[in-house]
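Starting from 1, each residue takes its place in the sequence as its number. One-based numbering, in listed order, for ligands and for the atoms of each.
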Amino acid sequence: MDKLSSSLKTTLQKIAKSMFVDEKLVNELVKEIQRALLQADVNVQLVFELTQRMKERALKEELHKGLSKREQLINIVYEELVGFLGKERHELEIGKHKPSKVMLVGLFGSGKTTTAAKLARFYAKRGYRIALVGLDVHRPAAMDQLEQLGKQANIPVLLNRGEKNPVNIWQGFKDEVKKYDAVFIDTAGRDALSQDLIAELEALNREIKPDENLLVISADLGQAAKKQAEQFHASCHISGVVTTKMDGTAKAGGALSACAVTQAPIKFIGVGEKIDELEVFNPPGFVSRMLGMGDLEALLEKTKGVITEEQAQDLGKRLLKGDFNLIDLYEQMSAMRKMGPLSKIVEMIPGFGQLKMPEEMLHVQEEKLEKWRHIMDSCTKEELEDPEIITGSRAERIAKGSGASVAEVRELVKQYGQSKKLMKMMKGKPEKMMKRMKFPKFA
Ligand code: GDP
Ligand code: MG
């Protein structure tokens, strides 16, 4: 997972540093994301579909107001990865019945017993009265293991070492479990999903009627997790998945994406052997962390808020966008103005931190922007896309239409020309040029 994370981070930094978002950059980006995902053992077909969607969106989607193209591109990558992993977090159904019954199923060694104890502890900490129930009658040491874990977590463990039929064990505790808000039920595994195991789990399902039937699956299975998840889902009515051992494998991407495409969502992930090494699986948070952009969501919320407040002028909609035209210039500056101190915003986007924005760009005067907007409203589409043609009679016409002076119209055109020249200069070597960059005075 770390490896996937670092290559995705590098890719995003590349976007953050490049001045222009064009097809070439998008293609490059898509290739690198593909490489990172394939290295993390994600299924080739899935990778292809995912990156295809990213590419399509990146090239076709209209620029979201208040976002730069770069931000939008980063956001697309983020959203698609989140969607890929299941979108939202899913809590367990706990507290509806007394007790809520959570059964853990899976093959040998997948982490059922450990996860049962982790979950018990997780919910006990939230104030629920919890017990563990041991129904693994196949492994001689299984009961001892659960007992030990229960002791560690300070959770009562219900065991019956003399009984060899798990259904009978459950029946024996039927009244006992009513004392608790939730019980976590450990079951036996097998080497594979055999008829024998299916029959056992069916019998338990009938008898227990669990509120949650969690499949515990090890992340080191990689793509093979898919088959297992599907089989269990088909024969045992899985309500969710816990992916364990996320800490020790480069194949986690494969396991996560494999589980995500089955009907049952991933609800928790195990990230270590210790009792508290369990996390609620929250795709947005997970992806943000993986990409190293903890606060990106906050930024996006912020920009969205700004856009609804302002009654959208819809400038973007009325106009086709070149790589860089008058509208881009205007939108960039007005977005900056409205989002508050630019330095704060820049801090929130990793990779952008190194981008030193000149002081003048941080202080665009509202009146000036207002004037420019009027001027632009009086421009034709051609003039907006190619402001260089605004000379003589065009400038006069625009001035008249917008209530600005001809000098002010010329000033805007000049401003555009200077910015454009600068952007061109930087296109080749963004990093080097960035240091020498001197933006024209906007205010
Ligand atoms: P069961 O056979 O399905 O009950 O699996 P166990 O709960 O006995 O776990 C099998 C082994 O995997 C044990 O050594 C656990 O300590 C280990 N294990 C379980 N979950 C995790 C995890 O999230 N990370 C790591 N590193 N080890 C885990
Ligand atoms: Mg076990």
Side-chain angles (χ1 to χ4, degrees), residues 1-3 40-41 102-122 130-153 155 157-161 163-164 166 169-170 183-194 196-198 200-201 204 208 210 212-222 224-225 228-229 231-232 236 238 240-256 258-259 264 266-282 286 289-290:
M1 223 55 217
D2 282 350
K3 208 165 148 205
D41 194 44
V102 180
M103 191 159 93
L104 292 105
V105 306
L107 300 185
F108 274 150
S110 58
K112 292 178 296 301
T113 308
T114 314
T115 304
K118 285 176 174 178
L119 284 170
R121 161 97 146 204
F122 180 91
I130 304 288
L132 284 158
V133 182
L135 300 188
D136 183 354
V137 293
H138 287 256
R139 273 190 167 173
M143 300 286 177
D144 299 337
Q145 187 194 0
L146 191 64
E147 192 162 45
Q148 272 234 296
L149 287 167
K151 218 174 255 167
Q152 251 183 62
I155 306 280
V157 183
L158 310 182
L159 294 173
N160 180 353
R161 289 177 209 269
E163 176 59 57
K164 287 294 159 219
I169 299 180
W170 174 258
V183 290
F184 290 86
I185 304 154
D186 185 31
T187 65
R190 300 288 191 280
D191 285 329
L193 185 58
S194 57
D196 169 40
L197 178 56
I198 291 174
E200 181 173 322
L201 293 177
L204 287 173
I208 298 174
E212 290 275 356
N213 211 351
L214 296 180
L215 172 64
V216 180
I217 214 162
S218 171
D220 54 26
L221 279 175
Q228 217 180 92
Q231 283 179 338
F232 269 92
C236 311
I238 299 305
V241 175
V242 180
T243 312
T244 61
K245 307 184 198 180
M246 291 285 293
D247 49 309
T249 176
K251 291 182 164 185
L256 285 181
C259 293
I266 299 169
K267 297 194 172 177
F268 284 87
I269 53 177
V271 294
E273 293 192 46
K274 293 200 204 81
I275 191 106
D276 53 0
E277 287 175 319
L278 177 82
E279 293 178 10
V280 177
F281 185 59
N282 174 31
F286 186 80
R289 217 174 48 193
M290 196 165 76

**Report entry** Under 3.5 Å: N/O of Lys112 near N/O of ligand 1
**Finding:** yes

Requested in this report: Please find out if the Mg ion (ligand 2) and some N, O or S atom of Thr114 are separated by less than 2.8 Å.
Outcome: no

Report summary line: atom 14 (O) of ligand 1 has as its nearest protein heavy atom Glu273 OE1, 4.2 Å

**Report entry** Thr114: numbered ligand 1 atoms lying under 4.0 Å from its heavy atoms
**Finding:** 6 (P), 7 (O), 9 (O), 15 (C), 19 (C)

Report summary line: Contact region, Glu277 to ligand 1, non-hydrogen atoms below 4.0 Å, reads neither

Query - Met246 N/O under 3.5 Å from ligand 1 N/O - result: no

Query raised in the report: For ligand 1, which part of Val271 has a heavy atom less than 4.0 Å away: the side chain, the backbone, both, or neither?
Result: backbone

Requested in this report: Answer with yes or no whether Gly189 contacts ligand 1, where contact means a heavy atom under 4.0 Å from a ligand atom.
Outcome: no

Query raised in the report: Backbone, side chain, both or neither: what part of Asp247 comes under 4.0 angstrom of ligand 1, heavy atoms only?
Result: side chain

Report summary line: A student checking ligand 1 against Leu107 at a 4.0 Å heavy-atom cut-off should list atoms 3 (O)

Requested in this report: Determine, using heavy atoms of Gly248 and all atoms of ligand 1, whether some pair is separated by less than 4.0 Å.
Outcome: no

Query raised in the report: Does Gly106 have a heavy atom less than 4.0 Å from any atom of ligand 1?
Result: no

Query raised in the report: When you measure from atom 17 (C) of ligand 1 to every protein heavy atom, which one gives the shortest distance, and what is it?
Result: Lys245 CE, 4.1 Å

Query raised in the report: Looking at Thr113, which atoms of ligand 1 are within less than 4.0 Å of one of its heavy atoms?
Result: 4 (O), 7 (O)

Requested in this report: Could you walk me through whether Phe232 and Asn213 pass side chain to side chain contact (heavy atoms under 4.5 Å, CB included), step by step?
Outcome: CA-CA 10 Å; Phe232 269 92; Asn213 211 351; over 6 Å; no

